[in-house]
Amino acid sequence: MKKIEAIIKPFKLDDVKEALSEIGLQGMTVTDVRGFGRQKGHTELYRGAEYVVDFLPKVKIEIVTTDALADRAVEAIQAAAHSGRIGDGKIFVSTIENAVRIRTGEAGEDAI
């Protein structure tokens, strides 16, 4: 099993959700987060005063899927979240040793 974590721009969430649904993924966890990468934030003008926004709003998506579906999921996220501009985000993939569905006690791939 693989865990896919994607940090994307908030307005791309619906596109990513639809792309993942199309390949058969059923569940995900979404968290509103803030952060910065290479762009180091940006400068904004508010009531005539300029200030620096260090942490930009982002959305973090977490998915646990089978090894067979992981590559397709990464491709779907990348295609749906891509705008070509700085700050599009990152995708991280890691291995999951086990999963357990609390309600039924199912384990491994049966739990996801």
Side-chain angles (χ1 to χ4, degrees):
M1 294 178 293
K2 300 288 185 192
K3 180 178 184 180
I4 301 169
E5 295 178 80
I7 312 292
I8 62 169
K9 292 181 176 182
F11 67 89
K12 289 289 192 173
L13 179 59
D14 288 335
D15 295 340
V16 170
K17 180 183 169 194
E18 287 178 26
L20 292 171
S21 293
E22 287 175 10
I23 65 166
L25 280 171
Q26 297 177 346
M28 69 174 69
T29 301
V30 178
T31 310
D32 290 319
V33 296
R34 295 184 308 145
F36 68 89
R38 289 183 183 162
Q39 79 268 28
K40 305 280 194 281
H42 65 275
T43 305
E44 286 189 4
L45 196 62
Y46 180 72
R47 293 189 178 182
E50 195 173 279
Y51 66 99
V52 176
V53 178
D54 290 334
F55 295 100
L56 301 174
K58 301 286 182 180
V59 172
K60 180 179 181 181
I61 300 169
E62 295 176 275
I63 303 160
V64 176
T65 186
T66 62
D67 290 337
L69 216 55
D71 289 337
R72 289 180 54 207
V74 169
E75 290 168 8
I77 294 168
Q78 186 175 4
H82 180 266
S83 72
R85 295 194 207 114
I86 194 164
D88 273 353
K90 297 250 185 340
I91 301 171
F92 305 99
V93 181
S94 54
T95 301
I96 298 294
E97 290 185 27
N98 196 13
V100 177
R101 184 184 311 267
I102 295 171
R103 179 177 55 89
T104 62
E106 295 169 299
E109 289 187 5
D110 292 336
I112 58 172

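These numbers come from a predicted model, not from an experiment.
- The two residues P10 and P57 come nearest to each other via the heavy atoms CD-O, 3.5 Å.
- No side-chain heavy atom of K2 sits less than 4.5 Å from a side-chain heavy atom of V64.
- When all heavy atoms are compared, the tightest approach of N98 to G108 is OD1-N, 3.2 Å.
- Environment of CD in E5: crowded, with over 12 heavy atoms of neighbouring residues, nucleotides or ligands closer than 6.0 Å.
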For this session: Give the C-alpha distance, both sets of side-chain angles, the deciding distance and a yes or no for side chain to side chain contact (heavy atoms under 4.5 Å, CB included) between T104 and D110.
Result: CA-CA 10 Å; T104 62; D110 292 336; over 6 Å; no

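- When atom types are taken as modelled, the side chain of D88 and the backbone of S83 share a donor-acceptor pair closer than 3.5 angstrom.
- A80 and A19 get closest at one heavy-atom pair: CB-CB, 3.9 Å.
- Atom-to-atom distance recorded for H82:NE2 and D15:CG is 13.0 Å, nearest 0.5 angstrom.
- With sequence neighbours left out, D32 forms a side-chain contact (heavy atoms from CB on, under 4.5 Å) with V59.
- Annotation: the span from L25 atom CG to I4 atom CD1 amounts to 7.0 Å, rounded to 0.5 Å.
- Follow the hydrophobic side-chain contacts under 4.5 Å out from I112 and you never reach M28; the two are in separate clusters.
- Side-chain contact between L13 and I61 is present, with heavy atoms from C-beta onward closer than 4.5 Å.
- Here K3 pairs with E62 under the salt bridge (Lys or Arg N to Asp or Glu O under 4.0 Å) rule; sequence neighbours left out.
- Of all non-hydrogen atoms in I23 and L69, the two that sit nearest each other are O-CD1, 4.0 Å.
- Using a 4.5 Å cut-off on side-chain heavy atoms (C-beta onward), I77 and I63 make contact.
- Under a hydrophobic clustering in which Ile, Leu, Val, Met, Phe, Trp and Tyr are joined whenever their side-chain heavy atoms come within less than 4.5 Å, directly or via other members, V30 and V93 fall into the same cluster.
- Taking a 6.0 Å sphere around NZ of K9, one finds it holds more than 12 heavy atoms contributed by other residues, nucleotides or ligands.
- Shown here are the side-chain contact (heavy atoms from CB on, under 4.5 Å) partners of I7, two or more places apart in sequence or in another chain: K58, K60, F92.
- The shortest non-hydrogen separation linking L20 to A73 is CD2-O, 3.9 Å.
- Partners of R34 under the side-chain hydrogen bond (donor to acceptor under 3.5 Å, both in side chains) rule, at least two apart in sequence or in another chain, do not exist in this structure.
- Counting all heavy atoms, side chain and backbone alike, D67 lies closest to E109 at N-OE2, 4.5 Å.
- Here R103 pairs with R101 under the side-chain contact (heavy atoms from CB on, under 4.5 Å) rule; sequence neighbours left out.
- With sequence neighbours excluded, no residue satisfies side-chain hydrogen bond (donor to acceptor under 3.5 Å, both in side chains) with T29.
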